[in-house]
Protein chains: 2
Amino acid sequence: MARKPTVYDVAREADVSIATVSRVLRTPEKVRPETRQTVLKAINLLGYLPSGSARSLAARRTNTIGLFLPNIDQLDQISDFELVTEDAADIVVDPPHAQENNLDSLYFDEVLRGCELESWRQGLSLMVSIGLKGKDGDIPQLINSMSEKVDGLIVLARSVPDNVLAFLRKRLPVVIIANAAISQESEFDLVRVSNRKGMYALVRHLFEKHQVRRMAYIAGTDDSPDNGKRYEGFCEGLRSEGLEPSASPIYRGQFSQSVAYQIATSLARQGTLPQALVCANDQMALGVLRALSDAGISVPDQVIVTGFDGIKEAAVSQPRLTTVRQPMVDLGRAAVSTLVRRLGSPEDPPISTELPVKVQLRESCEGTMI
Amino acid sequence: MARKPTVYDVAREADVSIATVSRVLRTPEKVRPETRQTVLKAINLLGYLPSGSARSLAARRTNTIGLFLPNIDQLDQISDFELVTEDAADIVVDPPHAQENNLDSLYFDEVLRGCELESWRQGLSLMVSIGLKGKDGDIPQLINSMSEKVDGLIVLARSVPDNVLAFLRKRLPVVIIANAAISQESEFDLVRVSNRKGMYALVRHLFEKHQVRRMAYIAGTDDSPDNGKRYEGFCEGLRSEGLEPSASPIYRGQFSQSVAYQIATSLARQGTLPQALVCANDQMALGVLRALSDAGISVPDQVIVTGFDGIKEAAVSQPRLTTVRQPMVDLGRAAVSTLVRRLGSPEDPPISTELPVKVQLRESCEGTMI
DNA sequence: TTGTAAGCGTTATCAC
DNA sequence: GTGATAACGCTTACAA
């Protein structure tokens, strides 16, 4: 690889000034067609590719946005990676339930996809970074190395400590996706989904179509605003039917598949299952399904189970899971869209967007559908 | 947001030269501790964040690498995105098999995860971009806008046309992940998995543990080197048992779940099912499972079904799918690792790495496992 | 329409 | 150890 050609090389080759070369690239209409051709020829000849750094520096914008995703459990016990070739194929038996699938990531993946998509449509590059669980010390550094290279930042809720967020906010536009804590309500651009309404609609459905009277709630982690909103919707649903929310049991599922599995197993053993188990997310609902299946309890005949999120696994489980689907891809797109608008008008008041959800009825609630 | 402070501001604040400010950041040990403190104080006071563009320009490296992913079907019919708030929750019935799940992306997601992980470990930023199906015209542009901002590129096989690849190769290091065509063998850094050995090991297992004699192959697309290698392994396995490969039927599944579904349905109807259906990827195997289930045929009692890839769905299907798992995350890590090495020594001969696969035995082959 | 030249905010090479 | 100062490769007034 020879030294990369620069505007100077192209200018010399085409026998014009570097300004003209730049114009051909940026504002071709301001260059005489004839000259333009000469320059383009030179560019092709030399295989010239402008330097992004130089361009960004001069233009005072990078045309790049950053996406910061929360940590992923999996990555905690990662080891150094050795680059070794080992052409081989081991055979191993993979027993059922060998390990809890890492389902968390699916959520982010779709948001990421939406960001990619919309960034592309807007002509922006996308930089991605993940946080490392339990390594909060690294996050400021991580996010710094990203911040210096982008025009704005999209952050998945609670992937970045509040103080870091506050610092960033001063230096560049930040859009937060989902469940922002109340304190951030008025300071940041926000993109969220209708958690409360979604859960409310689901509960109403259980009343109206299935005459459910006794339902239990399997909750996520306490510090999650998402969890809070969903529970609000749950309570509101109960009240709308004249039921007292405090009379419905809550179990602490921690958003975890295995914890939910244990909860459901206990309930089954004790014979204290309600008519419906309403879970704060799909992963727990899947854990519940597995537990009930293992306990020989039929869903939905004996118990109805519902989830929240709409992850892909929920569409292929046995039985398939009734859930409230978040428009994950659209979350990503909306975030980019918001950021672009913000970059265009830095001084406007914060933009807050709430995206609609969709209650998806499937067999874990409806029984056989075909 | 006030104007961002620069080295000059910091220098003035700390009453030193800009060179010293730079040194505090880059080579702190070369600065007297006392001075260092003063400068750091000024940096914090002003909330100074160095400019990535300026830094990259001066240092002649961006410390960023790019990842280019193949197009995603889904994105073809994407519409413009309107940023509208619509706080709502519709209820819809989601019938089984309503749409073919977009499973392709799962593969990339894991590779991406590996790239993120290893980039982070290496102190590099990661830029991500996707190709758009049927829009090859856009790819050069896409990849250009990325190339100018990164030190090197990782490309998932066949996401970029060969000629573009050849062009890029001249300007910056390129690492190709998976199934490179033969013509690229000697020119690019390559990271792959043991496709051939994996399929061979799987077939041997079917002979040894299950006494399968008649098996059929459901192939992927013809232009996929992955598909080719896997089929090679299949044939080799047959021969090792004294069987003639040409006597085993091949069906063209196009790597598609729905096509495989149709194939299996036909076979079931005609009563021409072999003892084992060996599929070139998991998606087709899942389609086959569904078809056999719909046809009332029991797996593995009446037919054994196997896949290839190890996508997550394969671990939760009914029955769970025996497959050859590719180390997707490691593919990403290896690619980054390779790229880093290449950046360190541009003139070394191409690096080719083959990662081991793992045959995962599950119920679609073994029957009840517990 | 085209050229000149002044930045853009760093890093790095010198001297001191 | 520290400070001038010249790159780095581009964009963009301002002149011509």
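Note on naming: letters A, B, ... go to the chains in the order of the sequence lines (proteins, then strands), and numbering restarts at 1 for each one. What you see is a predicted model, and the numbers here were worked out from it, not measured in a lab.
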With sequence neighbours excluded, residues passing side-chain hydrogen bond (donor to acceptor under 3.5 Å, both in side chains) with [X]:
{"X": "A:Glu13", "answer": "none"}
{"X": "B:Thr27", "answer": "none"}
{"X": "A:Asn163", "answer": "none"}

Can you pull out how bent the helix from C:dT1-D:dA16 to C:dC16-D:dG1 is, comparing the axes over its first five and last five pairs, to 10°?
30°

Determine the contact category for [X]: base if any of its heavy atoms lies under 4.0 Å from a base atom, sugar-phosphate if only primed atoms, P, OP1 or OP2 are that close, otherwise nothing.
{"X": "A:Arg23", "value": "base"}
{"X": "A:Ser22", "value": "base"}
{"X": "A:Val16", "value": "sugar-phosphate"}

As a quick check of understanding, evaluate side chain to side chain contact (heavy atoms under 4.5 Å, CB included) for A:Ile43 and A:Leu25, giving each step before the final call.
CA-CA 10 Å; A:Ile43 287 178; A:Leu25 262 22; 3.6 Å; yes

Within residues 31-50 of chain A, residues whose heavy atoms come under 4.0 Å of DNA chain D
A:Tyr48, A:Pro50

Validation: residues 48-57 of chain A side-chain donor-acceptor distances under 3.5 Å, sequence neighbours left out:
residue	atom	partner	partner atom	Å
A:Ser51	OG	A:Ser53	N	3.3
A:Ser51	OG	A:Ala54	N	3.0
A:Ser56	OG	A:Gly52	O	2.8

Taking the basic N atoms (NZ, or NE/NH1/NH2) and the acidic carboxylate oxygens, is any pair closer than 4.0 Å for A:Arg113 and A:Glu110?
no

Restricting to side-chain contact (heavy atoms from CB on, under 4.5 Å), what partner residues turn up for B:Ser129, sequence neighbours left out?
B:Phe68, B:Leu142, B:Met146

Tell me, which pairs form a salt bridge (charged side-chain N to carboxylate O under 4.0 Å, His left out) where one or both residues lie in residues 62-71 of chain A, sequence neighbours left out?
none

Under a 4.0 Å heavy-atom criterion, DNA chain D is touched by chain A from D:dG9 to D:dA13

Of all of residues 52-64 of chain A, which get a heavy atom below 4.0 angstrom from DNA chain C, listed by number?
A:Leu57, A:Ala58, A:Arg60

Nt span of DNA chain C in reach of chain B heavy atoms at under 4.0 Å, 5' end first, is C:dG9 to C:dT13

In residues 59-66 of chain A, what donor-acceptor pairs under 3.5 Å come from side-chain atoms, sequence neighbours left out?
residue	atom	partner	partner atom	Å
A:Arg61	NH2	A:Asn63	OD1	3.3
A:Thr62	OG1	A:Thr64	N	3.1
A:Thr62	OG1	A:Thr64	O	3.3
A:Thr62	OG1	A:Lys149	O	3.4
A:Thr62	OG1	A:Asp151	N	3.3
A:Thr62	OG1	A:Asp151	OD1	2.9
A:Thr62	OG1	A:Asp151	OD2	3.4
A:Thr64	OG1	A:Thr62	O	3.2
A:Thr64	OG1	B:Lys149	NZ	3.2

